[in-house]
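FYI, the numbering just counts along the sequence from 1.
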Amino acid sequence: WPLLKDATDFLSQYVVYNTTLGQFVSHNLTDPDEYANHVDNGAFTNAGIDSLLKWTLMVATHLGEEINPRWIEVDDNIHMPMSESGITLEYSEMNASVSIKQADVVLLTFPLDFNDFHSYEQGERDLYWYSLKQADVGPAMTFPIFTIAAAKLLNHGCSVHSYLQKSVLPYIRAPFAQFSEQADDNVLTNGGTHPAFPFLTAHGGYLQALVYGIHGLRFSARVNAEGKIEKFLVFDPIAISGLPGGMKISGFKYLNQLLDVIVTDIEGIIVHKGENPISVEVRARNSKAGNYTLNPGEKLIVPLFVPLLNIEGSHVECRPIANLTVGSPGDVPLSAIDGNNYTYWQPLDRGPAKLLIDLGMAQKITKGLVIWGSRPAKFLSVYGTDEISMNFEQALQNIDRIRFDKLVDNLQIEISQPFEERFLTDVQLLPNNITEFEIPSPSIFTRFVIVEITDAIDESEAEGATLNEIALF
């Protein structure tokens with residue numbers, strides 16, 4: 001309590017009351033984003049002060065300690081910088097031209113759980129917008145936080161899986177599966193950074209993505225009717241197709257108790273191997289939502305939360321996918337079909353770039369759509385094949401031997417949402433360019449599809465188009 005009280009006294013005196021805003025503000029700081037220095041009202045700092053005040057008020061109530069009125073005043077009136085469109089600004093006066101080094105505002109969702117006291121919809125908007133603003137040369141601890149936030153906030157698609165892939169695949173190095181700090185280790189092409197290796201922060205981020213993302217665990221507390229703190233373990237496991245068979249955390253420690261926490265393909269399980277009862281809360285979106293007392297020797301078994309499709313009827317959303325053409329450092333092809341319209345895959349250059357998608361079974365494709373990012377392609381082609389004897393791995397290994405027929409032949413892309421100068425500065429979720437197309441009859445039944453994009457309408461950069469989402473029907 002003395003440490004908590006002193007920290008709260010210090011930070012409640014650090015903030016300054018702004019008479020124009022009618023709120024408390026902070027000045028001259030650097031938040032987790034190391035590209036933004038000497039800024040005012042860092043969102044993570046102000047949200048951290050808000051969280052600290054709430055914890056202190058809980059503990060003071062529990063202990064019967066005197067509550068300083070200043071704590072309540074600051075807690076009720078801390079300033080959070082916000083855009084006109086309702087996106088949390090990383091700091092006051094930030095505009096849309098930013099490139100952000102590492103996870104910052106998304107940290108409000110985890111580890112601060114700031115949205116629990118405010119708005120999940122706010123956290124979702126922030127997740128989408130800042131996903132597009134992370135620097136390509138940013139460090140490896142960024143996307144584990146996006147993985148955890150997506151697992152908590154999103155009820156559709158599989159961007160939990162695509163963010164997890166972005167946390168691992170661009171950064172892991174042979175022969176010992178160690179993480180580099182950067183997706184691109186070449187100092188001549190990565191912005192002049194000599195990456196740390198092995199980067200232990202990335203190893204820790206990956207482990208957190210599994211524990212707090214896939215398993216959905218949180219250490220939490222509430223004040224009961226008698227004013228006493230009750231600690232409980234949040235359990236919100238989510239289904240993720242990319243980890244067949246699931247995973248198990250053996251010997252998980254919670255309140256000096258020993259637990260096994262297991263996620264199978266269909267269930268989440270907590271096995272109590274300790275000596276004292278614990279309280280567990282299953283979140284509202286689970287069909288077995290509620291509060292449970294788990295005694296030693298008992299199991300708690302709940303179904304996994306299964307996200308819905310983002311684009312209803314799509315045959316390709318969250319299916320196996322591979323890039324046949326090199327992508328930009330840090331990108332993963334699953335981002336193009338993960339049901340999240342604000343993640344993307346981008347080819348390394350402007351030449352023809354191909355993605356192979358496995359529909360799982362032969363299906364007739366009659367139409368489709370592509371949601372583009374900030375750089376639509378110039379041309380789109382779609383290929384199908386009557387090959388059904390191979391699985392995805394075999395098709396990938398024998399791709400040059402499989403005959404593909406063109407279903408869409410160099411469709412010229414037209415702009416549906418013209419660029420506006422204000423897009424460079426306004427912090428808002430921008431309208432996407434969308435291309436819809438029909439498959440000319442007669443079509444074929446195809447299990448494997450190749451989507452090919454060529455060049456980019458924007459001529460300003462060497463990289464290819466940004467492909468946010470593909471859907472085939």
Students often mix this up, so state it plainly: with edges at 30° and 60°, are the rings of [X] and [Y] parallel, tilted or perpendicular?
X	Y	value
Phe252	Phe219	parallel
Phe24	Tyr17	perpendicular
Tyr14	Phe10	parallel

Donor-acceptor pair, [X] side chain versus [Y] backbone, under 3.5 Å?
X	Y	answer
Asn468	Tyr344	no
His215	Leu210	yes
Asp265	Pro244	no
Tyr130	Glu90	yes
Thr454	Phe379	no
Gln23	His79	no
Glu452	Pro352	no
Ser97	Leu424	no
Glu469	Gly339	yes
Asn398	Arg401	no

Within a strict 4.5 Å, meaning less than it, do heavy atoms of the [X] and [Y] side chains meet?
X	Y	result
Asp338	His161	no
His194	Glu181	no
Ile357	Val451	yes
Asp75	Asp50	yes
Gln102	Pro139	yes
Pro237	Val302	yes
Asn286	Pro303	yes
Asn155	Phe305	yes

Show the numbers, then the answer: is there a side chain to side chain donor-acceptor pair (under 3.5 Å) between Asp126 and Thr88? CA-CA 6 Å; Asp126 293 346; Thr88 304; 2.8 Å; yes

Search all heavy atoms of [X] against all heavy atoms of [Y] and return the closest pair with its distance.
X	Y	value
Ile87	Leu429	CD1-N, 3.8 Å
Phe448	Phe392	CE2-CA, 3.9 Å
Pro170	Gln165	CD-O, 3.4 Å
His315	Lys364	NE2-O, 4.3 Å
Asp40	Asn28	OD1-N, 3.0 Å
Asn432	Gln417	O-CG, 3.2 Å

Between Tyr212 and Phe110, does the ring centroid distance fall short of 6.0 Å? yes

May I have the step-by-step check of side-chain contact (heavy atoms from CB on, under 4.5 Å) for Phe473 and Ile365, ending in yes or no? CA-CA 6 Å; Phe473 310 94; Ile365 305 300; over 6 Å; no

Flag yes if more than 12 heavy atoms outside Glu459 fall under 6.0 Å of its CD atom; otherwise flag no. yes

May I ask you to check whether [X] and [Y] show a side-chain donor-acceptor distance below 3.5 Å?
X	Y	value
Glu414	Ser416	no
Ser83	Gln428	no
Asn41	Asn46	yes
Tyr342	Ser159	no
Glu124	Tyr128	yes

In chain order, what residues pass the side-chain contact (heavy atoms from CB on, under 4.5 Å) check against Thr45, with sequence neighbours excluded? Leu29, Asp31, Ile49

With Glu393, which residues qualify under side-chain contact (heavy atoms from CB on, under 4.5 Å), at least two apart? Asn391

Test Ile145 against every option in Val106, Asp104, Thr109 by the side-chain contact (heavy atoms from CB on, under 4.5 Å) rule and name the one that passes. Val106

Testing Pro198, Ser180, Pro195 for side-chain contact (heavy atoms from CB on, under 4.5 Å) with Arg173, which one passes? Ser180

If the threshold is 4.0 Å, N to carboxylate O, is there a salt bridge linking Asp455 and Arg350? yes

Do NZ/NE/NH1/NH2 and the carboxylate oxygens of Asp113 and Lys152 come within less than 4.0 Å? yes

Show, in sequence, the C-alpha distance, side-chain angles and deciding distance for Asn190 and Asp185, and conclude whether the side-chain contact (heavy atoms from CB on, under 4.5 Å) test is met. CA-CA 7 Å; Asn190 71 5; Asp185 293 335; 5.7 Å; no

I would like to know whether Arg285 and Asp236 meet side-chain contact (heavy atoms from CB on, under 4.5 Å); could you show each step before the answer? CA-CA 9 Å; Arg285 66 183 183 180; Asp236 186 31; 3.0 Å; yes

Can you list every side-chain hydrogen bond (donor to acceptor under 3.5 Å, both in side chains) pair that touches residues 324-337, not counting sequence neighbours? none

Start with the C-alpha gap between Leu359 and Val449, add the side-chain angles, then the distance that decides, and say whether side-chain contact (heavy atoms from CB on, under 4.5 Å) holds. CA-CA 8 Å; Leu359 307 187; Val449 172; 4.1 Å; yes

Cation-pi between Lys354 and Phe404: NZ/CZ under 6.0 Å from ring centre and within 45° of the ring axis? no

